[in-house]
Amino acid sequence: FKWAYDNCPNAQYILRVNDDIVVNTHNLFKRLKRSPAVAADSVDIIQGIVAYGCGVVRDPKSKFYIRAEQFRSNCFYPYIGGSYYIISPQLAYKYYNLSLYVYWPPFSVWLEDVYIGMLSMHLNVSYLHLGDIHMRHISATNKNSVYFTHVYELAHFDQIWAFFKR
């Protein structure tokens, strides 16, 4: 976050995506121009797919297992699912500063989106659920409404990107 704030001072957005996501930048830019967060010129909004009331995994066999001593509640605070999210550079800097003081639990390594949710709660950040921006299989009929696509095999990245460019 600090790097993005320091190196992209004129950016309107910071987009964070997982490495298995292909972004249809053309469609996304069109969507962001229509975004209420842009119209309101608000810096304390995080945009993405909002997760409410997600349960904490207590099964020790799970990759996402969290001991009760690590996180007492049985459900997480609201957060934006980690495949992607969009924030302002100003909010990125606030997250960075707050992260210096808010405990980074061991589970944050693989649940970074939950940690961002914890920071968001401390900063009183608003969530903008972009319900029409979601991951799904693309075809010629829905290509113009797809913003993000999850890729399961590396070989598919080039194919999907070429499809978006048509």
Side-chain angles (χ1 to χ4, degrees), residues 1-58 62-66 70-136 138 142 144-151:
F1 288 145
K2 183 177 185 317
W3 181 92
Y5 179 82
D6 288 345
N7 292 283
C8 306
N10 298 319
Q12 286 185 282
Y13 303 101
I14 294 172
L15 170 64
R16 183 256 177 235
V17 296
N18 281 354
D19 62 358
D20 57 354
I21 302 294
V22 176
V23 181
N24 185 334
T25 52
H26 178 72
N27 286 355
L28 181 61
F29 289 150
K30 286 192 316 189
R31 173 62 175 90
L32 289 173
K33 286 180 183 177
R34 298 188 325 261
S35 172
V38 174
D41 198 27
S42 176
V43 297
D44 289 344
I45 292 178
I46 184 169
Q47 304 178 57
I49 297 176
V50 183
Y52 291 103
C54 290
V56 176
V57 176
R58 300 293 187 202
S62 171
K63 166 185 173 179
F64 301 106
Y65 169 61
I66 298 173
Q70 293 175 308
F71 193 83
R72 290 199 173 108
S73 177
N74 285 323
C75 67
F76 291 118
Y77 310 110
Y79 64 92
I80 297 289
S83 294
Y84 69 90
Y85 52 81
I86 303 164
I87 59 175
S88 70
Q90 296 85 355
L91 183 55
Y93 193 69
K94 289 179 182 184
Y95 281 144
Y96 165 72
N97 281 328
L98 186 60
S99 73
L100 300 174
Y101 303 100
V102 173
Y103 174 65
W104 179 265
F107 64 79
S108 297
V109 171
W110 64 91
L111 292 174
E112 162 265 340
D113 47 0
V114 171
Y115 182 68
I116 298 300
M118 291 169 63
L119 296 179
S120 297
M121 182 192 68
H122 287 288
L123 292 170
N124 200 26
V125 169
S126 298
Y127 294 95
L128 180 60
H129 182 75
L130 299 177
D132 62 337
I133 295 181
H134 57 281
M135 296 174 294
R136 59 180 174 210
I138 56 172
N142 70 4
N144 293 327
S145 63
V146 173
Y147 303 91
F148 298 93
T149 302
H150 186 255
V151 178

A.B. asks: Return the OG to NZ distance between S120 and K94, rounded to the nearest 0.5 Å.
C.D. replies: 11.5 Å

A.B. asks: Evaluate N18 against R16 for side chain to side chain donor-acceptor pair (under 3.5 Å), listing each step before the verdict.
C.D. replies: CA-CA 7 Å; N18 281 354; R16 183 256 177 235; 2.6 Å; yes

A.B. asks: For D44 and N124: C-alpha separation, side-chain torsions, deciding distance, then whether side chain to side chain contact (heavy atoms under 4.5 Å, CB included) applies.
C.D. replies: CA-CA 8 Å; D44 289 344; N124 200 26; over 6 Å; no

A.B. asks: When rounded to the nearest 0.5 angstrom, what distance separates CG in L119 from CH2 in W104?
C.D. replies: 8.0 Å

A.B. asks: Going through the distances and angles, do I66 and R58 end up as a side chain to side chain contact (heavy atoms under 4.5 Å, CB included)?
C.D. replies: CA-CA 6 Å; I66 298 173; R58 300 293 187 202; 4.1 Å; yes

A.B. asks: Got a sec, which residues hit side chain to side chain contact (heavy atoms under 4.5 Å, CB included) with D6, two or more places apart in sequence or on another chain?
C.D. replies: K2

A.B. asks: Would you say that I46 contacts L128 through its side chain, given a criterion of any heavy-atom pair below 4.5 Å between the two side chains?
C.D. replies: no

A.B. asks: Take a 6.0 Å sphere around OH of Y65 and say whether it holds more than 12 heavy atoms from other residues, nucleotides or ligands.
C.D. replies: yes

A.B. asks: Could you give the distance from CG (L15) to OH (Y84), rounded to the nearest 0.5 Å?
C.D. replies: 9.5 Å

A.B. asks: Restricting to non-hydrogen atoms, name the atom on P89 and the atom on A11 that form the minimum distance, rounded to 0.1 Å.
C.D. replies: CG-O, 3.1 Å

A.B. asks: Report the C-alpha distance between L28 and F148 in whole Å, list the side-chain angles of each, state the deciding distance to 0.1 Å, and finish with yes or no for side chain to side chain contact (heavy atoms under 4.5 Å, CB included).
C.D. replies: CA-CA 8 Å; L28 181 61; F148 298 93; 4.0 Å; yes

A.B. asks: If you define the side chain from C-beta out and look only at heavy atoms, does anything of I14 sit under 4.5 Å from L91?
C.D. replies: no

A.B. asks: Which one of F64, Y103, F76 satisfies the ring-ring contact (aromatic ring centres under 6.0 Å, His included) criterion with F71?
C.D. replies: F76

A.B. asks: Could you report the tightest heavy-atom contact between H129 and V50, atom names first, then the distance?
C.D. replies: ND1-N, 2.9 Å

A.B. asks: With respect to F1, which candidate in Y95, Y115, Y96 satisfies the ring-ring contact (aromatic ring centres under 6.0 Å, His included) definition?
C.D. replies: Y95

A.B. asks: Could you go through Y79 and I116, starting from their C-alpha distance and side-chain angles, then the distance that decides it, and tell me whether this counts as side chain to side chain contact (heavy atoms under 4.5 Å, CB included)?
C.D. replies: CA-CA 7 Å; Y79 64 92; I116 298 300; over 6 Å; no

